[in-house]
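Written out below as structure tokens is the structure these notes cover.
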Amino acid sequence: MKYIATIKGQSFEIDINEAGEILADGQRLEVDFQSVADQPIYSMLLNNESFEANVSSGESSVEVLLRGRLFLVDVEDERQRRLRETTKVGLIEEGEYTLTAPMPGVVVTVPVEVGQEVEKGENLIILESMKMQNELKAPRSGTVSGVRVAPGDNVDQNQALLTLT
Amino acid sequence: MKYIATIKGQSFEIDINEAGEILADGQRLEVDFQSVADQPIYSMLLNNESFEANVSSGESSVEVLLRGRLFLVDVEDERQRRLRETTKVGLIEEGEYTLTAPMPGVVVTVPVEVGQEVEKGENLIILESMKMQNELKAPRSGTVSGVRVAPGDNVDQNQALLTLT
Amino acid sequence: MFTKVLVANRGEIAVRVIRACRELGLNTVAVYSEVDRNSMHVRQSDEAYLLGPPAAKDSYLRGDKIIEIAKKAGAGAIHPGYGFLAERDDFAEAVQEAGLVFIGPKPSAIAAMGDKAAARATVAAAGIPVIPGTDGDAILTDEDLIALAPDIGYPLVVKASAGGGGRGMREVKVPDELPGLLQAARREAEAAFGDGNVYLEKLLLDARHIEFQIMADSHGNAIHLGERECSLQRRHQKLLEEAPSPIMDDTLREQMGKLACRVAEAVDYVNAGTVEFLVDGDRNFYFLEMNTRLQVEHPITEMVTGIDIVREQIRIARGRKLNYRQEDLQLNGWAIECRINAEDPYNNFLPSTGQITTVIPPSGPGVRVDTGVYAGFTITPYYDSLISKLICWGETRGVAILRMRRALEEYRILGVRTNIPFHQKLLNSPRFMAGQFDTRFVEERFTMEEEFDGDDNLAMIAAVMATLVTHRETQQAAQIVRQSERDTSNWKWVGRWERMQR
Amino acid sequence: MFTKVLVANRGEIAVRVIRACRELGLNTVAVYSEVDRNSMHVRQSDEAYLLGPPAAKDSYLRGDKIIEIAKKAGAGAIHPGYGFLAERDDFAEAVQEAGLVFIGPKPSAIAAMGDKAAARATVAAAGIPVIPGTDGDAILTDEDLIALAPDIGYPLVVKASAGGGGRGMREVKVPDELPGLLQAARREAEAAFGDGNVYLEKLLLDARHIEFQIMADSHGNAIHLGERECSLQRRHQKLLEEAPSPIMDDTLREQMGKLACRVAEAVDYVNAGTVEFLVDGDRNFYFLEMNTRLQVEHPITEMVTGIDIVREQIRIARGRKLNYRQEDLQLNGWAIECRINAEDPYNNFLPSTGQITTVIPPSGPGVRVDTGVYAGFTITPYYDSLISKLICWGETRGVAILRMRRALEEYRILGVRTNIPFHQKLLNSPRFMAGQFDTRFVEERFTMEEEFDGDDNLAMIAAVMATLVTHRETQQAAQIVRQSERDTSNWKWVGRWERMQR
């Protein structure tokens, strides 16, 4: 089966032939791939080179934590790729975005207000949890369309805090 | 629910009233009993005293490994106890006993032969495994009725080695 | 003399204190909140008492309840660990009034060092250099402060008198900002400590945070155990500490160590404490504050001195003389501590909670792991995010760094995100390796962003691993579909069977 | 100079060597048998190659294959660890012939010490006291030995010349037993080593087994790193070791240490090695044998000297001079090692195999755990039962013992049985605490049997815990019954639903 794995714009063509062999960018490699202790830790022997990484499928890409470095890898099979390429339009930056609490905590400040335009990376809310003040930032630019919490509020995990359009 | 727990002939009457309280030999004790990490390790707070032990149900009794000491505890509820007391007869030491290999290994010696009478604790077979010679002993006295292996044999775990009547 | 100690804390430090007690043959009493029933400290103690709901104010900050439990359990002493009640002079006082021993300094010493502005005054009076700033422990209004600011010079820092942990603190670059930031600092200080008083201090650039561990017994002996280099911080939270400091030499150590002891003597200090200094680029040093408790990073001092600091704390509290004289002490080798926090270094260091599913700690020569967690334990959002301290010792700084690198690479914690990759990156940075950093290094010169290199072999490896996992998941999903098809047919079969039975 | 090392071993010692290589910046090549794919040493190395089926003779003893892999992988050196190929002079020779470095002594030194009878002769010729026995390395017949026995005196021991690990060894109390036991010993030696030669030695009663760690470089420098007390054994397998020995003083240490170095020099020794002595009740000491390799118990010496022995081994193999001179060395504190084996101390120490489900290792100050296992790893019957070495250091023997006790209490390993309770019992025995034991202590004076005490509070606790677990299991079983009742009715419902759909 053929896959395209992409990291920061660089693509690797990876063909999983059968158990024990893959083709990576045309290079034939012997592979022994094992999960360790039934956990998302994987030990890989690739042409006898030994690698170990935490690998977990995130929402959009696969996270690989390897030798102290995090790689976000987008993996698609050929069919998915063709599909995406033919339907590629500017879907990003559209619709409403709801900021939810990544953990329970207390709202310290809400430095934005309804109607305000914000840039990507701007602080939307400061949430105190685990004795730390955590800045929740805008994942994209947009306009604040709703603020559902006020400083001092106790919030639960995943509670909606603020919306952005 | 009432239980009788016996360790080396000493019996304890333990009454589990409800969550959070027990009566041990008439003494009322507050108990908080938790398994740790879903393993057979248990943490117990008994009137606020903290104990932790490995507890596992063996074939006949419950094994409690507590502060470096192993206790073999026989636990019965009242019904079981009454049943046993009325039907108590010399059932022990009867029937055929089959010695099986506790682990894979190589038979080193068989110091007994068919027809030989053996005492409890006598060596029946020496099995080499994990670089050690392990003495497999008679669990009771009896007569060797069959020997199924010879020195040098490779045996699998649970393979029958010898019978005793 | 007490033989039972109540440990008024949780997490790794409670475990640390329990270990020291055990090794002294003392019984221990743990206290815990509702979410901490299965904590290591509860499991390892001889007795354990529930304090209340998870929030610290309902549990670990309930000094009254803790003293009551100590009396009920017959504990003769209370060890506060760090944080929570450790630097509350009213708690220390109440412990003594209850007829118990507080394993720490006298309430008066805690109070004297607790008000940061007053401490500056006390220490300056004893002839110790302090950072230029507003003098004395008088309460100053905004107008006072604005008037005094030009004498101190810019940039400067507004600090909360009752402060700690960076709260109620603001950096001021130009005079115009001062009025607004004074108010912000006061508000934050009021919220955090119930005390809105602030003072001004000159902002030292290129400064290092260097602290001295001191120990004093009740017989008038005070010694220092050398310094710790704690400049690597993020938002005033220490992340990596080492002992000794790369910039230290014997002369400076002796000079600063002596002054640290003098600071302790100025407040009649007993037990373990830490005197913090800022050291500027010209090796001028200034008293910053004194922490009147056991420090998170005490193990690195233990590794290079061979002294069990917690055991000494308990011995001192029992009225014993110090086991060591200053001239007996010798620093041996180098130690580094990495604080392993449950937080995501790739997402603005956001705390991470959840159940830990796997822990494979590093070990081998020169490696120590102090932790309160294990596989199966759940990290809750109620307390700080420190889950483990990884400490490595080596004969030289180089050996310690190499050992820490391999230990970090070996460490596996799953279930929550950790800052291990941060430490790995930090330990690989040339400036860290060269020992060239100051307190602003992590925030200003360090980033987790990768400069992506086109022919990076590791990227290809990551791509292969991600693909293999995706492939597996696809295969398994397909199997589950097939499985449920079979299930359906089983159900059909059951249906048929039932119809036949009618 | 080599930059890549093949580690020809498995388990904790392979991990130990890999760690040392990493800390030196050297790449590592692991080799593994079919059951060891997920071993720690495979996971931690830079490269890994399959050797073959599980049995050692098909995998870790395949010297030819290992050398071939080293060449293929471009490894410049091979570290043999202990056991397997570590003391095979033919392997060391083959490694050198292949143009690779053997990290260990010269083949000639391994050979000289490998034949125990020849080693006795060599060492005696160098003026070192040996245990009275048959002299020289000549091959002796039964008649020769029976004729020589009266000169040696009874009790005596028959030992295999090629011996090790207690095989081919018989104790003889009276002359009548000698002929029969000679034959038994020869048979066993022939089977174990392919060499039926034996020799006689006087049996020392009340003897201690004390060994000296030595290190020698290729520049003619040899030093000793002090002694280890290894008397606590069962069936000639060491169980607990400590450094220093409770019976040692500076004078005796200097004297024995010098002789140990002289033994090494007598065979032109290079790299790390251990000279074993027996010391009798009158402190007379006799050369026993020399182990020409890294020893299992090397960490206790590392703890009291601060020297990383494996790193020094690699440095020496790279042609470097020793980093230390004899006069620089200083023993600091006390270290104890408990060998944690997968065996059942309550059932005749029978080995235990299976998957390890949980590991919670002890940690904190002065605690080191060297292991090759983790939760999820399976212990197979193919190799020895050592799963971990727990090493504790303290300023004094007393502190080290107390620390080891608390560490053993903390250690949780589930899935296989371990001898942790044996160590706990041993550490509580008054004779151990007093340091009064000899090589026969464990077998002759120690038992796991409990003297059961009627009002033993722990028994009541155990009874309560057993009852609570039984109660839970009964409740759960009842629930499962109820559950399956519900399942059945679901099936019925499906059947009904299907009928409706017709």
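Here the structure is a predicted model, which means the values were calculated and not measured. We name chains A, B, ... by the order of the sequence lines, and we start the count at 1 in each one.
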Residue by residue, scan [range] and write down, ordered by number, those that have a heavy-atom distance under 4.5 Å to chain D; if none do, write 'none'.
| range | value |
| --- | --- |
| residues 158-165 of chain B | none |
| residues 33-50 of chain B | B:Phe33, B:Gln34, B:Ser35, B:Gln39, B:Pro40, B:Ile41, B:Tyr42, B:Met44, B:Leu46 |
| residues 146-154 of chain B | none |

Against chain B, label [X] side chain, backbone, both or neither, depending on which of its atoms sit under 4.5 Å from a heavy atom there.
| X | value |
| --- | --- |
| D:Asn348 | side chain |
| D:Ile379 | side chain |
| D:Arg405 | neither |
| D:Thr353 | side chain |
| D:Tyr383 | backbone |

Who among [options] has the most heavy-atom pairs with chain B under 4.5 Å?
| options | value |
| --- | --- |
| D:Gln424, D:Arg472, D:Lys425, D:His471 | D:His471 |
| D:Leu386, D:Leu414, D:Thr357, D:Leu408 | D:Leu414 |
| D:Thr358, D:Ile461, D:Thr470 | D:Ile461 |
| D:Ala56, D:Pro381, D:Pro421, D:Gly415 | D:Pro381 |

Taking everything shown except [X] itself, do over 12 heavy atoms lie less than 6.0 Å from its [atom1]?
| X | atom1 | answer |
| --- | --- | --- |
| B:Glu30 | CD | no |
| B:Arg67 | CZ | yes |
| D:Arg417 | CZ | no |

Specify the closest pair of heavy atoms between [X] and [Y], including all atoms of both residues, with the distance to one decimal.
| X | Y | answer |
| --- | --- | --- |
| B:Gly68 | D:Glu409 | N-OE1, 4.2 Å |
| D:Ala463 | B:Phe12 | CB-CD1, 3.5 Å |
| D:Ala462 | B:Ile7 | CB-CD1, 4.2 Å |
| B:Ser57 | D:Glu473 | OG-OE1, 2.9 Å |
| B:Ala24 | D:Val464 | CB-CG2, 4.3 Å |
| B:Glu135 | D:Leu350 | O-CD1, 4.4 Å |

Non-hydrogen side-chain atoms of [X] and [Y] separated by less than 4.5 Å:
| X | Y | result |
| --- | --- | --- |
| B:Leu70 | D:Met448 | no |
| D:Met460 | B:Gln27 | yes |
| D:Leu458 | B:Phe51 | yes |
| D:Met465 | B:Glu52 | no |

Apply salt bridge (Lys or Arg N to Asp or Glu O under 4.0 Å) to D:Glu171 and list each qualifying residue two or more places apart in sequence or on a separate chain.
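D:Arg440.
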So which part of B:Leu127 gets closer than 4.5 Å to some heavy atom of chain D, the side chain, the backbone, both or neither?
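For B:Leu127, no heavy atom lies under 4.5 Å from chain D.
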Can you tell which part of B:Glu63 gets under 4.5 Å to a heavy atom of chain D, answering side chain, backbone, both or neither?
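B:Glu63 touches chain D through side-chain heavy atoms alone.
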Give, for atom [atom1] of [X] and atom [atom2] of [Y], the distance between the pair rounded to the nearest 0.5 Å.
| X | Y | atom1 | atom2 | result |
| --- | --- | --- | --- | --- |
| D:Ile413 | B:Asn54 | CD1 | CG | 10.5 Å |
| B:Leu65 | D:Ile420 | CG | CD1 | 8.5 Å |
| D:Thr474 | B:Asp77 | OG1 | CG | 7.5 Å |

